[in-house]
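Below you'll find the structure, written out as structure tokens, and then a few comments.
Keep in mind that the numbers below use all heavy atoms, side chains included, and drop hydrogens, waters and symmetry copies. From a predicted model like this one, the values you see are computed outputs, not experimental measurements.
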Amino acid sequence: DRRFFSLSDATLALSPRTERTIRVRFRPAPSGDASADLVIRSNDLRRGAISVPLTARGFSAPDMSLSDTSHAYGSVAPGVSVPWTLTIRNTGTDILTIAHVAADSPFVIHGNVPSTVAVSDSVHLILSFSPIEEGSFNGRLTLLTDDPDNREVYVTLSGSSTKVALSIGLDTEPGKRHPPAVYRYR
């Protein structure tokens, strides 16, 4: 079927005793066999046309793409959780299977992660940065799939956590200036 094959050069001219490579590209259907004839017509008086049979087999395969390959959460207070949504798309020709998803602490996956993504569909994975102590944190989200090009994929994650100092002042005498009392949140 000629709709699955294309040529690099449809028309070309050759000088005597020269050669030229013609590239044939195969764009498979979702799966199955395809065949066509490549007919080369020329002004050669002995052989006006040559027919070359083409055959190929296409295989269905998922193709995963992610909305991001890294995410920086910024700075949050300990005990605060900040969500972020990662979109997982299947742009392939077969169902994408997600075999395993894991996140390094203090990054947390919320809800159930779908085990499959239909062709031309996408799913959302909600991941939070949830530190319980101060510090800088680097980690990754790991996805294991059946995508032949992306069997193991990592999303780099980062964030920091610092305690917040509050300054509260009580004005018992309006119009008179008082230094504020400082209370530290620990």
Side-chain angles (χ1 to χ4, degrees), residues 3-8 21 23-34 56-169 180-186:
R3 61 194 156 134
F4 302 123
F5 296 94
S6 61
L7 299 175
S8 59
T21 300
R23 295 185 193 276
V24 178
R25 184 174 183 164
F26 175 56
R27 293 181 189 255
S31 64
D33 296 332
R57 174 169 287 160
F59 295 95
S60 295
D63 189 13
M64 180 179 66
S65 67
L66 302 175
S67 58
D68 294 287
T69 57
S70 66
H71 184 71
Y73 283 90
S75 184
V76 301
V80 173
S81 183
V82 178
W84 169 66
T85 302
L86 174 71
T87 302
I88 303 168
R89 290 182 186 85
N90 180 7
T91 59
T93 56
D94 200 359
I95 294 170
L96 172 69
T97 300
I98 302 171
H100 179 73
V101 179
D104 296 337
S105 182
F107 305 97
V108 179
I109 299 167
H110 293 279
N112 294 327
V113 178
S115 60
T116 60
V117 182
V119 174
S120 300
D121 202 1
S122 61
V123 296
H124 301 287
L125 177 74
I126 299 173
L127 189 70
S128 290
F129 175 47
S130 304
I132 56 172
E133 57 189 37
E134 287 185 289
S136 292
F137 300 92
N138 293 302
R140 67 183 182 187
L141 172 71
T142 303
L143 295 139
L144 302 179
T145 74
D146 66 342
D147 178 340
D149 301 322
N150 295 302
R151 294 205 181 274
E152 192 167 343
V153 176
Y154 301 104
V155 177
T156 305
L157 305 168
S158 64
S160 63
S161 179
T162 55
K163 292 183 179 174
V164 177
L166 296 175
S167 177
I168 301 173
V182 175
Y183 300 93
R184 298 210 183 268
Y185 170 77
R186 298 242 183 238

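Within the 4.5 Å cutoff, no side-chain heavy atoms of Val117 are placed close to those of Arg89. Between Asp63 and Asp147 there is a side-chain heavy-atom pair separated by less than 4.5 Å. Looking at Leu66 and Asn150, their side chains never come closer than 4.5 Å, going by heavy atoms from C-beta outward. Under the 4.5 Å side-chain criterion, counting only non-hydrogen atoms from C-beta, Glu134 is in contact with Pro78. Looking at heavy atoms from C-beta onward, Ile88 lies in side-chain contact with Leu96 at the 4.5 angstrom threshold. The shortest side-chain heavy-atom distance between Leu125 and Thr85 does not fall under the 4.5 Å cut-off. A heavy-atom distance below 4.5 Å is not found between the side chains of Ile132 and Pro106. Taking the side chain as every heavy atom from C-beta outward, Leu144 and Glu152 approach each other to under 4.5 Å.
Under the side chain to side chain donor-acceptor pair (under 3.5 Å) criterion, Ser130 pairs with Ser81, not counting sequence neighbours. Taking His110 as the reference, Ser128 meet the side chain to side chain donor-acceptor pair (under 3.5 Å) condition, with sequence neighbours excluded. Residues meeting the side chain to side chain donor-acceptor pair (under 3.5 Å) test with Thr87, sequence neighbours left out: His124. Take Ser158 and apply the side chain to side chain contact (heavy atoms under 4.5 Å, CB included) test, not counting sequence neighbours, and it matches Ala72, Asn138. For Asp149, there are no side chain to side chain donor-acceptor pair (under 3.5 Å) partners two or more places apart in sequence or in a different chain. Every side chain to side chain contact (heavy atoms under 4.5 Å, CB included) that Thr116 has, sequence neighbours left out, goes to Ile95, Thr97.
In this structure, Ser67 contributes its side chain and Leu86 its backbone to no donor-acceptor pair below 3.5 Å.
For Pro148 against Pro62, the heavy-atom pair with the smallest separation is CD-O, 3.6 Å. Between Pro83 and Ile126, the shortest heavy-atom distance links the atoms CB-CG2, 4.2 Å. Here the closest heavy-atom approach between residue Phe129 and residue Gly74 is recorded as CE2-O, 4.2 Å. Smallest separation of non-hydrogen atoms from Ser60 and Asp94: CB-CB, 3.8 Å. Across all their heavy atoms, Thr162 and Ser75 have their closest contact at OG1-OG, 3.5 Å. Summarising the geometry of Ile98 relative to Pro114, their closest heavy-atom pair is CD1-O, 3.6 Å, with the distance given to 0.1 Å.
Using bins of under 30°, 30° to 60° and over 60° for the plane-to-plane angle, the ring pair Trp84/Tyr73 lands in the perpendicular bin.
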Set out, in order, the CA-CA distance, both residues' side-chain angles and the distance that settles side chain to side chain contact (heavy atoms under 4.5 Å, CB included) for Asn90 and Met64, then state yes or no. CA-CA 5 Å; Asn90 180 7; Met64 180 179 66; over 6 Å; no
For a side chain to side chain contact (heavy atoms under 4.5 Å, CB included) check, start with the C-alpha distance between Asp104 and Leu157, then their side-chain angles and the critical distance, and finish with the verdict. CA-CA 9 Å; Asp104 296 337; Leu157 305 168; over 6 Å; no
